[in-house]
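Some notes on the structure that comes next.
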Number of protein chains: 2
Amino acid sequence: MAEPLPSPLSLPKSQYRQIADLLRARIETGHYEKDDPLPSEPELAAELGVSRVTINKAISLLRIEGLVRVRRGAGTYVRSTPRITRDARYRYAVVPGGTHASELEGRALGLTPRAECTEVGEVGAPPDVAAAFGIDQGDPVVVRRRRLYADEEPTRLADTYLPWDVADDTELLDSDVGSGAIYSDLADHGHGPVRFAEDITVRIASDEEARALDLEDGQAVIHIKHVAWDATDRAVEVALHVMPAHLWRLHYDWDVFGPDEEDDE
Amino acid sequence: MAEPLPSPLSLPKSQYRQIADLLRARIETGHYEKDDPLPSEPELAAELGVSRVTINKAISLLRIEGLVRVRRGAGTYVRSTPRITRDARYRYAVVPGGTHASELEGRALGLTPRAECTEVGEVGAPPDVAAAFGIDQGDPVVVRRRRLYADEEPTRLADTYLPWDVADDTELLDSDVGSGAIYSDLADHGHGPVRFAEDITVRIASDEEARALDLEDGQAVIHIKHVAWDATDRAVEVALHVMPAHLWRLHYDWDVFGPDEEDDE
DNA sequence: AAGTGGTCTAGACCACTGT
DNA sequence: CAGTGGTCTAGACCACTTT
(Lines give C-alpha, C1' and ligand atoms only; values in the text may rest on other atoms or scores of the structure.)
Protein backbone atom coordinates (compact mmCIF):
# COMPACT_ATOMS: atom_id res chain seq x y z
CA MET A 1 0.00 0.00 0.00
CA ALA A 2 1.68 3.13 -1.30
CA GLU A 3 0.08 6.08 0.43
CA PRO A 4 -2.67 5.77 3.04
CA LEU A 5 -4.95 8.19 1.20
CA PRO A 6 -3.72 11.69 2.13
CA SER A 7 -7.11 13.10 3.00
CA PRO A 8 -7.48 16.89 3.24
CA LEU A 9 -6.77 17.44 6.88
CA SER A 10 -4.11 14.94 7.86
CA LEU A 11 -6.56 12.18 8.60
CA PRO A 12 -4.94 8.79 8.55
CA LYS A 13 -8.18 6.89 8.86
CA SER A 14 -8.21 3.80 10.95
CA GLN A 15 -8.53 0.52 9.16
CA TYR A 16 -12.01 -0.20 10.40
CA ARG A 17 -13.22 3.16 9.10
CA GLN A 18 -11.64 2.59 5.73
CA ILE A 19 -13.22 -0.82 5.62
CA ALA A 20 -16.58 0.67 6.59
CA ASP A 21 -16.17 3.13 3.71
CA LEU A 22 -15.36 0.29 1.37
CA LEU A 23 -18.34 -1.80 2.40
CA ARG A 24 -20.61 1.22 2.26
CA ALA A 25 -19.44 1.91 -1.27
CA ARG A 26 -20.04 -1.69 -2.26
CA ILE A 27 -23.55 -1.48 -0.93
CA GLU A 28 -24.32 1.79 -2.61
CA THR A 29 -23.01 0.66 -5.97
CA GLY A 30 -25.01 -2.53 -5.74
CA HIS A 31 -21.95 -4.77 -5.51
CA TYR A 32 -23.72 -6.22 -2.50
CA GLU A 33 -27.39 -6.27 -3.32
CA LYS A 34 -30.14 -5.36 -0.94
CA ASP A 35 -31.57 -8.13 1.17
CA ASP A 36 -28.50 -10.15 0.33
CA PRO A 37 -25.96 -11.18 2.94
CA LEU A 38 -22.50 -9.67 3.13
CA PRO A 39 -19.62 -12.12 3.06
CA SER A 40 -19.06 -13.56 6.50
CA GLU A 41 -16.70 -11.83 8.89
CA PRO A 42 -13.99 -14.48 8.54
CA GLU A 43 -14.23 -14.19 4.77
CA LEU A 44 -13.93 -10.42 4.84
CA ALA A 45 -11.08 -10.66 7.32
CA ALA A 46 -9.23 -12.96 4.97
CA GLU A 47 -10.00 -10.87 1.90
CA LEU A 48 -8.82 -7.65 3.48
CA GLY A 49 -6.02 -9.08 5.56
CA VAL A 50 -7.20 -7.92 8.95
CA SER A 51 -8.51 -9.59 12.05
CA ARG A 52 -12.13 -10.42 12.51
CA VAL A 53 -12.50 -7.89 15.29
CA THR A 54 -11.60 -5.11 12.88
CA ILE A 55 -14.21 -6.30 10.42
CA ASN A 56 -16.72 -6.50 13.21
CA LYS A 57 -15.99 -2.93 14.24
CA ALA A 58 -16.37 -1.71 10.67
CA ILE A 59 -19.71 -3.45 10.32
CA SER A 60 -20.92 -2.00 13.59
CA LEU A 61 -20.60 1.42 11.96
CA LEU A 62 -22.85 0.33 9.13
CA ARG A 63 -25.30 -1.03 11.66
CA ILE A 64 -25.88 2.21 13.47
CA GLU A 65 -26.26 3.91 10.12
CA GLY A 66 -29.08 1.52 9.37
CA LEU A 67 -27.35 0.20 6.27
CA VAL A 68 -27.20 -3.42 7.34
CA ARG A 69 -28.93 -5.64 9.81
CA VAL A 70 -27.61 -8.70 11.51
CA ARG A 71 -29.51 -11.91 12.00
CA ARG A 72 -27.97 -13.87 14.81
CA GLY A 73 -26.22 -16.93 13.62
CA ALA A 74 -27.33 -16.34 10.07
CA GLY A 75 -25.43 -13.43 8.63
CA THR A 76 -25.29 -9.70 7.95
CA TYR A 77 -27.82 -8.43 5.44
CA VAL A 78 -28.08 -5.27 3.40
CA ARG A 79 -31.11 -3.27 4.41
CA SER A 80 -33.47 -1.93 1.79
CA THR A 81 -34.61 1.24 3.39
CA PRO A 82 -36.12 4.07 1.43
CA ARG A 83 -37.23 6.85 3.73
CA ILE A 84 -40.90 7.37 4.41
CA THR A 85 -42.16 10.94 4.43
CA ARG A 86 -44.49 12.07 7.19
CA ASP A 87 -46.32 15.33 6.50
CA ALA A 88 -47.53 16.51 9.89
CA ARG A 89 -50.13 18.99 8.74
CA TYR A 90 -51.63 16.72 6.13
CA ARG A 91 -51.63 13.77 8.48
CA TYR A 92 -53.75 15.48 11.03
CA ALA A 93 -55.98 17.44 8.71
CA VAL A 94 -59.60 17.08 9.68
CA VAL A 95 -61.32 15.50 6.75
CA PRO A 96 -64.90 15.11 7.92
CA GLY A 97 -66.23 12.14 6.06
CA GLY A 98 -63.11 11.43 4.09
CA THR A 99 -60.26 9.00 4.04
CA HIS A 100 -58.26 8.38 7.13
CA ALA A 101 -55.36 10.56 6.14
CA SER A 102 -53.09 8.74 8.48
CA GLU A 103 -51.61 5.87 6.62
CA LEU A 104 -50.90 7.28 3.23
CA GLU A 105 -47.25 7.37 4.13
CA GLY A 106 -45.22 4.92 2.25
CA ARG A 107 -47.96 4.15 -0.17
CA ALA A 108 -45.96 5.94 -2.83
CA LEU A 109 -43.24 3.41 -2.21
CA GLY A 110 -45.49 0.49 -2.80
CA LEU A 111 -45.37 -0.59 0.81
CA THR A 112 -48.38 -2.08 2.49
CA PRO A 113 -49.09 -0.58 5.88
CA ARG A 114 -50.22 -2.69 8.77
CA ALA A 115 -51.06 -1.88 12.35
CA GLU A 116 -50.91 -4.11 15.34
CA CYS A 117 -52.62 -3.09 18.52
CA THR A 118 -50.58 -4.22 21.49
CA GLU A 119 -52.60 -2.73 24.29
CA VAL A 120 -55.78 -0.79 24.91
CA GLY A 121 -56.90 0.26 28.34
CA GLU A 122 -56.51 2.44 31.33
CA VAL A 123 -53.09 3.26 32.73
CA GLY A 124 -51.42 5.80 34.96
CA ALA A 125 -50.40 8.91 33.05
CA PRO A 126 -46.68 9.15 32.29
CA PRO A 127 -45.03 12.52 33.02
CA ASP A 128 -45.25 13.95 29.52
CA VAL A 129 -48.91 13.07 29.21
CA ALA A 130 -49.84 14.27 32.66
CA ALA A 131 -48.21 17.63 31.98
CA ALA A 132 -50.14 18.10 28.76
CA PHE A 133 -53.48 17.15 30.28
CA GLY A 134 -52.86 19.19 33.40
CA ILE A 135 -53.28 16.24 35.71
CA ASP A 136 -50.96 14.45 38.09
CA GLN A 137 -48.53 11.82 37.02
CA GLY A 138 -50.14 8.46 37.57
CA ASP A 139 -53.69 9.73 37.28
CA PRO A 140 -55.80 7.44 35.13
CA VAL A 141 -55.83 7.97 31.38
CA VAL A 142 -56.77 5.76 28.50
CA VAL A 143 -54.10 4.54 26.15
CA ARG A 144 -53.94 2.65 22.92
CA ARG A 145 -50.53 1.26 22.02
CA ARG A 146 -49.81 0.23 18.49
CA ARG A 147 -46.95 -0.98 16.41
CA LEU A 148 -47.07 0.00 12.77
CA TYR A 149 -45.47 -1.78 9.89
CA ALA A 150 -44.71 -1.20 6.27
CA ASP A 151 -44.26 -4.45 4.43
CA GLU A 152 -43.45 -6.49 7.53
CA GLU A 153 -40.87 -3.95 8.70
CA PRO A 154 -41.83 -2.23 11.93
CA THR A 155 -41.75 1.50 11.29
CA ARG A 156 -43.24 3.12 14.33
CA LEU A 157 -44.52 2.72 17.86
CA ALA A 158 -47.51 4.94 18.57
CA ASP A 159 -49.03 5.37 22.00
CA THR A 160 -52.19 7.45 21.96
CA TYR A 161 -53.51 8.87 25.23
CA LEU A 162 -56.89 10.41 25.97
CA PRO A 163 -58.20 11.93 29.18
CA TRP A 164 -60.48 9.56 30.96
CA ASP A 165 -63.72 11.45 30.39
CA VAL A 166 -62.98 12.15 26.77
CA ALA A 167 -62.17 8.52 26.09
CA ASP A 168 -65.47 7.60 27.62
CA ASP A 169 -67.20 9.29 24.72
CA THR A 170 -65.14 7.87 21.94
CA GLU A 171 -64.72 4.46 20.47
CA LEU A 172 -61.04 4.27 21.19
CA LEU A 173 -61.63 1.40 23.52
CA ASP A 174 -63.98 -0.51 21.34
CA SER A 175 -61.86 -1.48 18.43
CA ASP A 176 -58.52 -1.18 16.82
CA VAL A 177 -60.05 1.47 14.60
CA GLY A 178 -57.72 1.13 11.67
CA SER A 179 -55.79 4.34 11.70
CA GLY A 180 -56.67 7.89 12.54
CA ALA A 181 -60.42 7.83 12.89
CA ILE A 182 -59.89 9.27 16.34
CA TYR A 183 -60.14 12.84 15.17
CA SER A 184 -63.47 12.44 13.46
CA ASP A 185 -64.59 10.69 16.58
CA LEU A 186 -63.37 13.48 18.82
CA ALA A 187 -65.04 16.02 16.58
CA ASP A 188 -68.32 14.14 16.78
CA HIS A 189 -68.24 14.51 20.54
CA GLY A 190 -67.39 18.18 20.71
CA HIS A 191 -63.66 17.81 21.13
CA GLY A 192 -62.62 18.43 17.57
CA PRO A 193 -58.98 19.47 17.63
CA VAL A 194 -58.20 22.99 16.41
CA ARG A 195 -54.57 23.24 17.34
CA PHE A 196 -51.63 20.86 17.30
CA ALA A 197 -48.09 20.91 18.62
CA GLU A 198 -45.24 18.50 18.18
CA ASP A 199 -41.96 18.26 20.01
CA ILE A 200 -39.24 16.26 18.37
CA THR A 201 -36.19 14.78 20.02
CA VAL A 202 -33.67 12.22 18.85
CA ARG A 203 -32.08 9.67 21.11
CA ILE A 204 -30.66 6.17 21.10
CA ALA A 205 -33.23 3.38 21.15
CA SER A 206 -33.79 1.75 24.50
CA ASP A 207 -33.44 -1.99 24.71
CA GLU A 208 -37.19 -2.54 24.49
CA GLU A 209 -37.55 -0.13 21.58
CA ALA A 210 -34.72 -1.82 19.75
CA ARG A 211 -36.48 -5.13 20.21
CA ALA A 212 -39.90 -3.85 19.23
CA LEU A 213 -38.63 -2.01 16.16
CA ASP A 214 -36.07 -4.58 15.10
CA LEU A 215 -33.21 -2.14 15.51
CA GLU A 216 -29.53 -2.60 16.01
CA ASP A 217 -27.77 -1.62 19.15
CA GLY A 218 -27.03 2.09 19.22
CA GLN A 219 -29.40 3.13 16.47
CA ALA A 220 -31.14 6.48 16.81
CA VAL A 221 -34.88 6.90 17.08
CA ILE A 222 -37.03 9.96 16.61
CA HIS A 223 -39.38 10.70 19.46
CA ILE A 224 -42.42 12.83 18.70
CA LYS A 225 -44.69 14.16 21.39
CA HIS A 226 -47.88 15.16 19.67
CA VAL A 227 -50.59 17.17 21.45
CA ALA A 228 -54.03 18.17 20.18
CA TRP A 229 -56.24 20.86 21.71
CA ASP A 230 -59.95 21.43 21.23
CA ALA A 231 -61.74 24.76 20.78
CA THR A 232 -61.85 25.36 24.52
CA ASP A 233 -58.07 25.11 24.61
CA ARG A 234 -58.17 21.86 26.42
CA ALA A 235 -55.62 19.17 25.57
CA VAL A 236 -57.69 16.23 24.37
CA GLU A 237 -55.09 13.88 22.96
CA VAL A 238 -51.43 13.13 23.37
CA ALA A 239 -49.59 10.74 21.11
CA LEU A 240 -46.04 9.56 21.65
CA HIS A 241 -44.31 8.21 18.59
CA VAL A 242 -41.03 6.36 18.45
CA MET A 243 -39.62 5.86 14.99
CA PRO A 244 -36.36 4.46 13.63
CA ALA A 245 -34.49 7.58 12.60
CA HIS A 246 -33.06 6.14 9.41
CA LEU A 247 -36.52 5.27 8.07
CA TRP A 248 -38.17 8.66 8.10
CA ARG A 249 -38.29 12.15 6.71
CA LEU A 250 -40.48 14.62 8.57
CA HIS A 251 -42.17 17.44 6.74
CA TYR A 252 -43.70 20.61 8.13
CA ASP A 253 -44.96 23.67 6.32
CA TRP A 254 -46.78 26.78 7.37
CA ASP A 255 -47.90 30.18 6.22
CA VAL A 256 -46.95 33.46 7.77
CA PHE A 257 -49.85 35.48 9.14
CA GLY A 258 -49.55 38.93 7.59
CA PRO A 259 -46.84 41.16 9.18
CA ASP A 260 -47.72 40.40 12.74
CA GLU A 261 -50.47 43.02 13.24
CA GLU A 262 -48.94 44.84 16.19
CA ASP A 263 -45.50 44.92 17.76
CA ASP A 264 -44.34 47.46 15.23
CA GLU A 265 -42.56 49.95 17.38
CA MET B 1 -21.96 -13.67 40.90
CA ALA B 2 -25.25 -15.35 41.77
CA GLU B 3 -27.72 -14.52 39.04
CA PRO B 4 -26.90 -12.38 36.02
CA LEU B 5 -29.92 -10.14 36.50
CA PRO B 6 -32.87 -12.14 35.13
CA SER B 7 -34.32 -9.34 33.02
CA PRO B 8 -37.89 -9.73 31.70
CA LEU B 9 -37.20 -11.41 28.41
CA SER B 10 -34.23 -13.65 29.00
CA LEU B 11 -31.66 -10.99 28.29
CA PRO B 12 -28.30 -11.88 29.70
CA LYS B 13 -26.75 -8.51 28.99
CA SER B 14 -23.19 -8.43 27.84
CA GLN B 15 -20.64 -7.05 30.26
CA TYR B 16 -19.97 -3.95 28.26
CA ARG B 17 -23.64 -3.08 28.23
CA GLN B 18 -23.96 -3.61 31.94
CA ILE B 19 -20.92 -1.43 32.44
CA ALA B 20 -22.41 1.22 30.19
CA ASP B 21 -25.55 1.10 32.31
CA LEU B 22 -23.45 1.46 35.43
CA LEU B 23 -21.48 4.42 34.14
CA ARG B 24 -24.64 6.04 32.82
CA ALA B 25 -26.22 5.69 36.24
CA ARG B 26 -23.15 7.17 37.90
CA ILE B 27 -23.33 10.14 35.57
CA GLU B 28 -27.03 10.69 36.08
CA THR B 29 -26.80 10.50 39.83
CA GLY B 30 -23.93 12.94 39.84
CA HIS B 31 -21.42 10.40 41.09
CA TYR B 32 -19.32 11.60 38.18
CA GLU B 33 -19.92 15.31 37.86
CA LYS B 34 -20.36 17.13 34.62
CA ASP B 35 -17.27 18.47 32.95
CA ASP B 36 -15.25 16.14 35.15
CA PRO B 37 -13.24 13.26 33.76
CA LEU B 38 -14.25 9.65 34.23
CA PRO B 39 -11.65 7.37 35.76
CA SER B 40 -9.19 6.23 33.15
CA GLU B 41 -9.88 3.08 31.21
CA PRO B 42 -7.18 1.08 32.98
CA GLU B 43 -8.59 2.21 36.32
CA LEU B 44 -12.12 1.21 35.38
CA ALA B 45 -10.85 -2.07 34.00
CA ALA B 46 -9.17 -2.82 37.32
CA GLU B 47 -12.15 -1.68 39.37
CA LEU B 48 -14.60 -3.80 37.43
CA GLY B 49 -12.34 -6.72 36.74
CA VAL B 50 -12.57 -6.68 32.96
CA SER B 51 -10.20 -5.93 30.14
CA ARG B 52 -9.68 -2.44 28.87
CA VAL B 53 -11.29 -3.29 25.55
CA THR B 54 -14.52 -4.04 27.34
CA ILE B 55 -14.40 -0.71 29.14
CA ASN B 56 -13.68 1.00 25.86
CA LYS B 57 -16.67 -0.62 24.23
CA ALA B 58 -18.93 0.43 27.10
CA ILE B 59 -17.72 4.00 26.85
CA SER B 60 -18.26 4.05 23.12
CA LEU B 61 -21.96 3.53 23.84
CA LEU B 62 -22.00 6.59 26.05
CA ARG B 63 -20.23 8.53 23.34
CA ILE B 64 -22.83 8.00 20.69
CA GLU B 65 -25.48 8.91 23.23
CA GLY B 66 -23.72 12.22 23.70
CA LEU B 67 -23.21 11.61 27.40
CA VAL B 68 -19.45 11.87 27.38
CA ARG B 69 -16.78 13.29 25.16
CA VAL B 70 -13.23 12.18 24.78
CA ARG B 71 -10.25 14.46 24.57
CA ARG B 72 -7.39 12.64 22.95
CA GLY B 73 -4.63 11.89 25.32
CA ALA B 74 -6.36 13.72 28.11
CA GLY B 75 -9.37 11.73 29.25
CA THR B 76 -13.09 11.08 28.98
CA TYR B 77 -15.31 13.88 30.22
CA VAL B 78 -18.93 14.06 31.22
CA ARG B 79 -20.87 16.29 28.88
CA SER B 80 -23.15 18.95 30.25
CA THR B 81 -25.81 19.02 27.64
CA PRO B 82 -29.23 20.46 28.29
CA ARG B 83 -31.31 20.41 25.13
CA ILE B 84 -31.98 23.62 23.29
CA THR B 85 -35.50 24.16 21.98
CA ARG B 86 -36.00 25.45 18.48
CA ASP B 87 -39.47 26.78 17.75
CA ALA B 88 -39.73 26.85 13.99
CA ARG B 89 -42.69 29.17 13.64
CA TYR B 90 -41.47 31.68 16.17
CA ARG B 91 -37.97 31.64 14.77
CA TYR B 92 -39.07 32.68 11.35
CA ALA B 93 -41.83 35.03 12.33
CA VAL B 94 -41.54 38.28 10.46
CA VAL B 95 -41.02 40.96 13.05
CA PRO B 96 -40.63 44.12 11.02
CA GLY B 97 -38.50 46.37 13.15
CA GLY B 98 -38.12 44.03 16.05
CA THR B 99 -35.53 41.78 17.56
CA HIS B 100 -33.81 39.23 15.44
CA ALA B 101 -35.92 36.35 16.58
CA SER B 102 -33.26 33.92 15.58
CA GLU B 103 -30.95 33.48 18.49
CA LEU B 104 -33.24 33.42 21.46
CA GLU B 105 -32.71 29.71 21.67
CA GLY B 106 -30.72 28.70 24.64
CA ARG B 107 -31.00 32.07 26.27
CA ALA B 108 -33.29 30.51 28.83
CA LEU B 109 -30.42 28.24 29.72
CA GLY B 110 -28.04 31.08 30.31
CA LEU B 111 -25.95 30.26 27.31
CA THR B 112 -24.35 32.95 25.25
CA PRO B 113 -24.84 32.49 21.54
CA ARG B 114 -22.10 33.21 19.08
CA ALA B 115 -21.91 32.96 15.33
CA GLU B 116 -18.89 32.47 13.19
CA CYS B 117 -19.10 33.08 9.51
CA THR B 118 -16.93 30.62 7.65
CA GLU B 119 -17.73 31.54 4.09
CA VAL B 120 -19.72 34.05 2.10
CA GLY B 121 -19.84 34.08 -1.64
CA GLU B 122 -20.98 32.54 -4.86
CA VAL B 123 -21.00 28.80 -5.34
CA GLY B 124 -22.58 26.16 -7.54
CA ALA B 125 -25.99 25.11 -6.29
CA PRO B 126 -26.04 21.73 -4.54
CA PRO B 127 -28.86 19.37 -5.59
CA ASP B 128 -31.28 20.21 -2.78
CA VAL B 129 -30.92 23.91 -3.35
CA ALA B 130 -31.14 23.71 -7.11
CA ALA B 131 -34.35 21.72 -6.85
CA ALA B 132 -35.95 24.29 -4.58
CA PHE B 133 -34.94 27.24 -6.72
CA GLY B 134 -35.90 25.50 -9.92
CA ILE B 135 -32.46 25.84 -11.43
CA ASP B 136 -29.83 23.36 -12.49
CA GLN B 137 -27.40 21.78 -10.11
CA GLY B 138 -24.20 23.80 -10.25
CA ASP B 139 -25.86 27.02 -11.36
CA PRO B 140 -24.54 29.99 -9.42
CA VAL B 141 -26.16 30.87 -6.10
CA VAL B 142 -25.00 32.90 -3.15
CA VAL B 143 -24.24 31.17 0.09
CA ARG B 144 -23.39 32.17 3.61
CA ARG B 145 -21.97 29.43 5.77
CA ARG B 146 -21.97 29.81 9.50
CA ARG B 147 -21.14 27.83 12.58
CA LEU B 148 -23.16 28.71 15.63
CA TYR B 149 -22.15 28.26 19.22
CA ALA B 150 -23.70 28.34 22.64
CA ASP B 151 -21.10 28.98 25.27
CA GLU B 152 -18.16 27.80 23.17
CA GLU B 153 -19.98 24.59 22.22
CA PRO B 154 -20.74 24.36 18.51
CA THR B 155 -24.48 23.77 18.18
CA ARG B 156 -25.25 24.11 14.53
CA LEU B 157 -23.97 24.49 11.01
CA ALA B 158 -26.17 26.74 8.93
CA ASP B 159 -25.73 27.25 5.19
CA THR B 160 -28.05 29.87 3.77
CA TYR B 161 -28.58 30.04 0.03
CA LEU B 162 -30.18 32.80 -2.03
CA PRO B 163 -30.81 32.96 -5.77
CA TRP B 164 -28.26 35.12 -7.49
CA ASP B 165 -30.57 37.98 -8.39
CA VAL B 166 -32.22 38.07 -4.99
CA ALA B 167 -28.89 38.13 -3.22
CA ASP B 168 -27.91 41.06 -5.37
CA ASP B 169 -30.55 43.13 -3.65
CA THR B 170 -29.81 42.14 -0.11
CA GLU B 171 -26.94 42.74 2.20
CA LEU B 172 -26.17 39.10 2.67
CA LEU B 173 -22.83 39.58 1.07
CA ASP B 174 -21.89 42.72 2.88
CA SER B 175 -21.58 41.60 6.45
CA ASP B 176 -21.95 38.77 8.82
CA VAL B 177 -25.31 40.26 9.76
CA GLY B 178 -25.57 38.88 13.23
CA SER B 179 -28.40 36.48 13.02
CA GLY B 180 -31.60 36.43 11.03
CA ALA B 181 -31.92 39.91 9.64
CA ILE B 182 -32.21 38.30 6.25
CA TYR B 183 -35.98 38.17 6.34
CA SER B 184 -36.44 41.85 7.06
CA ASP B 185 -33.98 42.44 4.30
CA LEU B 186 -35.83 40.21 1.88
CA ALA B 187 -39.09 41.89 2.83
CA ASP B 188 -37.58 45.30 2.15
CA HIS B 189 -36.83 44.22 -1.40
CA GLY B 190 -40.17 42.70 -2.24
CA HIS B 191 -39.32 39.12 -1.44
CA GLY B 192 -40.85 38.89 2.00
CA PRO B 193 -41.45 35.22 2.74
CA VAL B 194 -45.06 34.17 3.21
CA ARG B 195 -44.65 30.41 3.35
CA PHE B 196 -42.10 28.08 4.84
CA ALA B 197 -41.41 24.37 4.66
CA GLU B 198 -38.95 22.20 6.51
CA ASP B 199 -37.82 18.67 5.84
CA ILE B 200 -36.13 16.86 8.67
CA THR B 201 -33.92 13.82 8.42
CA VAL B 202 -31.57 12.20 10.88
CA ARG B 203 -28.31 10.58 9.93
CA ILE B 204 -24.84 9.86 11.24
CA ALA B 205 -22.46 12.80 11.14
CA SER B 206 -19.97 12.79 8.31
CA ASP B 207 -16.31 13.11 9.16
CA GLU B 208 -16.26 16.82 8.41
CA GLU B 209 -19.43 17.45 10.36
CA ALA B 210 -18.07 15.55 13.31
CA ARG B 211 -14.96 17.70 13.20
CA ALA B 212 -16.84 20.96 12.78
CA LEU B 213 -19.36 20.21 15.50
CA ASP B 214 -16.98 18.52 17.89
CA LEU B 215 -18.87 15.25 17.73
CA GLU B 216 -17.90 11.72 18.49
CA ASP B 217 -17.72 9.07 15.87
CA GLY B 218 -21.14 7.67 15.10
CA GLN B 219 -23.19 10.43 16.66
CA ALA B 220 -26.45 11.36 14.96
CA VAL B 221 -27.17 14.76 13.50
CA ILE B 222 -30.43 16.36 12.53
CA HIS B 223 -30.53 17.73 9.04
CA ILE B 224 -33.10 20.43 8.30
CA LYS B 225 -33.82 21.66 4.80
CA HIS B 226 -35.61 24.95 5.21
CA VAL B 227 -37.28 26.71 2.28
CA ALA B 228 -38.95 30.12 2.16
CA TRP B 229 -41.30 31.34 -0.57
CA ASP B 230 -42.35 34.88 -1.36
CA ALA B 231 -45.83 36.09 -2.30
CA THR B 232 -45.31 35.14 -5.94
CA ASP B 233 -44.66 31.57 -4.86
CA ARG B 234 -41.05 31.80 -5.74
CA ALA B 235 -38.50 30.11 -3.51
CA VAL B 236 -36.26 32.89 -2.28
CA GLU B 237 -34.19 31.21 0.38
CA VAL B 238 -32.96 27.76 1.27
CA ALA B 239 -31.16 27.01 4.49
CA LEU B 240 -29.50 23.72 5.34
CA HIS B 241 -28.95 23.10 9.02
CA VAL B 242 -26.89 20.36 10.58
CA MET B 243 -27.28 20.00 14.31
CA PRO B 244 -26.01 17.51 16.88
CA ALA B 245 -29.08 15.41 17.60
CA HIS B 246 -28.52 15.14 21.32
CA LEU B 247 -28.45 18.93 21.74
CA TRP B 248 -31.83 19.85 20.36
CA ARG B 249 -35.56 19.67 20.72
CA LEU B 250 -37.60 20.83 17.75
CA HIS B 251 -40.99 22.37 18.22
CA TYR B 252 -43.74 22.89 15.69
CA ASP B 253 -47.30 23.99 16.22
CA TRP B 254 -50.15 24.89 13.92
CA ASP B 255 -53.82 25.62 13.80
CA VAL B 256 -56.38 23.76 11.81
CA PHE B 257 -58.20 25.85 9.23
CA GLY B 258 -61.88 25.47 10.08
CA PRO B 259 -63.39 22.16 8.88
CA ASP B 260 -61.84 22.45 5.47
CA GLU B 261 -64.52 24.70 3.89
CA GLU B 262 -65.65 22.25 1.24
CA ASP B 263 -65.19 18.54 0.86
CA ASP B 264 -68.09 17.84 3.15
CA GLU B 265 -69.91 15.13 1.32
C1' DA C 1 -22.47 -30.54 12.45
C1' DA C 2 -20.94 -26.51 10.39
C1' DG C 3 -21.24 -21.80 10.01
C1' DT C 4 -22.61 -17.27 11.75
C1' DG C 5 -21.98 -13.18 14.59
C1' DG C 6 -21.31 -11.69 19.97
C1' DT C 7 -18.18 -11.18 23.22
C1' DC C 8 -14.04 -11.25 25.91
C1' DT C 9 -8.98 -11.35 26.94
C1' DA C 10 -3.98 -10.19 27.15
C1' DG C 11 -0.84 -7.88 25.10
C1' DA C 12 0.91 -4.64 22.02
C1' DC C 13 2.03 -0.23 19.59
C1' DC C 14 0.59 4.32 18.49
C1' DA C 15 -0.50 9.57 18.76
C1' DC C 16 -1.65 12.58 21.66
C1' DT C 17 -1.93 15.36 26.16
C1' DG C 18 -0.33 17.06 30.22
C1' DT C 19 3.65 18.31 33.39
C1' DC D 1 8.13 12.18 30.63
C1' DA D 2 4.13 9.37 32.21
C1' DG D 3 -0.63 8.94 31.36
C1' DT D 4 -4.51 8.97 28.23
C1' DG D 5 -7.48 6.86 24.77
C1' DG D 6 -7.26 4.60 19.62
C1' DT D 7 -6.44 0.74 17.43
C1' DC D 8 -5.16 -3.89 16.22
C1' DT D 9 -4.22 -8.93 16.79
C1' DA D 10 -4.71 -13.96 17.78
C1' DG D 11 -7.16 -16.87 20.01
C1' DA D 12 -10.95 -18.39 22.55
C1' DC D 13 -15.74 -19.61 23.96
C1' DC D 14 -20.57 -18.86 23.39
C1' DA D 15 -25.55 -18.87 21.48
C1' DC D 16 -27.67 -19.01 17.67
C1' DT D 17 -29.27 -20.53 12.72
C1' DT D 18 -29.08 -23.40 8.97
C1' DT D 19 -28.36 -27.75 6.77
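A note on names: the letters A, B, ... follow the listed sequences, proteins ahead of strands, and every chain is numbered from 1.
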Legend entry - B:H223: partners by side chain to side chain donor-acceptor pair (under 3.5 Å), with sequence neighbours left out: B:R203

Legend entry - NZ/NE/NH1/NH2 to OD/OE distance under 4.0 Å, B:R26 and B:E47: yes

Legend entry - Side-chain donor-acceptor contact under 3.5 Å, A:Y149 with A:R147: yes

Inset, instruction - Output every pair passing side chain to side chain donor-acceptor pair (under 3.5 Å) with a member in residues 56-66 of chain A, not counting sequence neighbours, ordered by first then second residue. - result: A:R24-A:E65, A:E41-A:N56, A:R63-A:E216

Legend entry - First encountered from the 5' end of DNA chain C, between A:G75 and A:V53: A:G75

Inset, instruction - Calculate the interatomic distance between B:I19 atom CD1 and C:dT9 atom C1'; express it in whole Å. - result: 13 Å

Inset, instruction - Please determine, for the side chain of B:R17, which listed nucleotide (D:dT4, C:dT7, C:dT4) has the closest atom? - result: C:dT7

Inset, instruction - Report yes if at least one side-chain N or O of B:Y16 is closer than 4.0 Å to OP1 or OP2 of C:dC8; otherwise report no. - result: no

Inset, instruction - Starting from P on C:dC13, measure out to CD on A:Q15 and report it in whole angstrom. - result: 16 Å

Legend entry - For A:Y16, all residues meeting side chain to side chain donor-acceptor pair (under 3.5 Å), sequence neighbours excluded: none

Inset, instruction - Kindly say if B:S14 contacts the phosphate of C:dT7, meaning a side-chain N or O under 4.0 Å from OP1 or OP2. - result: yes

Inset, instruction - By nearest nucleotide on DNA chain D, pick out whichever of A:Y77 and A:G49 is the more 5' one. - result: A:G49

Inset, instruction - Would you please confirm or rule out a distance under 4.0 Å between OP1 or OP2 of C:dG5 and any side-chain N or O of A:T76? - result: yes

Using a cutoff of under 3.5 Å, can you pull out all pairs of nitrogen or oxygen atoms linking the protein to nucleotides 1-3 of chain C, with atom names and distances?
from	atom 1	to	atom 2	distance (Å)
C:dG3	N2	A:G73	O	2.9

Legend entry - Residue pairs passing the salt bridge (charged side-chain N to carboxylate O under 4.0 Å, His left out) test where at least one lies in residues 31-40 of chain A, sequence neighbours excluded: none

Inset, instruction - Whole angstrom is fine here: how far is it from CG in A:D217 over to P in C:dG6? - result: 10 Å

Legend entry - Pair A:R83-A:H246, side-chain donor/acceptor within less than 3.5 Å: no

Legend entry - Check ion pair A:R146-A:D159 (N to O, under 4.0 angstrom): no

Legend entry - Donor-acceptor pair under 3.5 Å, A:R52 side chain vs C:dG6 base: yes

Inset, instruction - Using a cut-off of strictly less than 4.0 Å between a heavy atom of the residue and any atom of DNA chain D, enumerate the qualifying residues of residues 54-68 of chain B by number. - result: B:N56, B:R63

Inset, instruction - Would you mind classifying the nucleic acid contact of B:V70 as base, sugar-phosphate or nothing, using non-hydrogen atoms under 4.0 angstrom? - result: sugar-phosphate

Legend entry - Distance in angstrom units between B:E41 CD and C:dA10 C1', rounded: 15 Å

Inset, instruction - Report which part of the nucleic acid A:P37 touches: base, sugar-phosphate, or nothing (heavy-atom distance under 4.0 Å, all strands). - result: nothing

Legend entry - N-O pairing of B:R114 and B:D151 below 4.0 Å: no

Legend entry - Spacing of A:R71 atom CZ relative to C:dG6 atom C1', expressed in whole Å: 17 Å

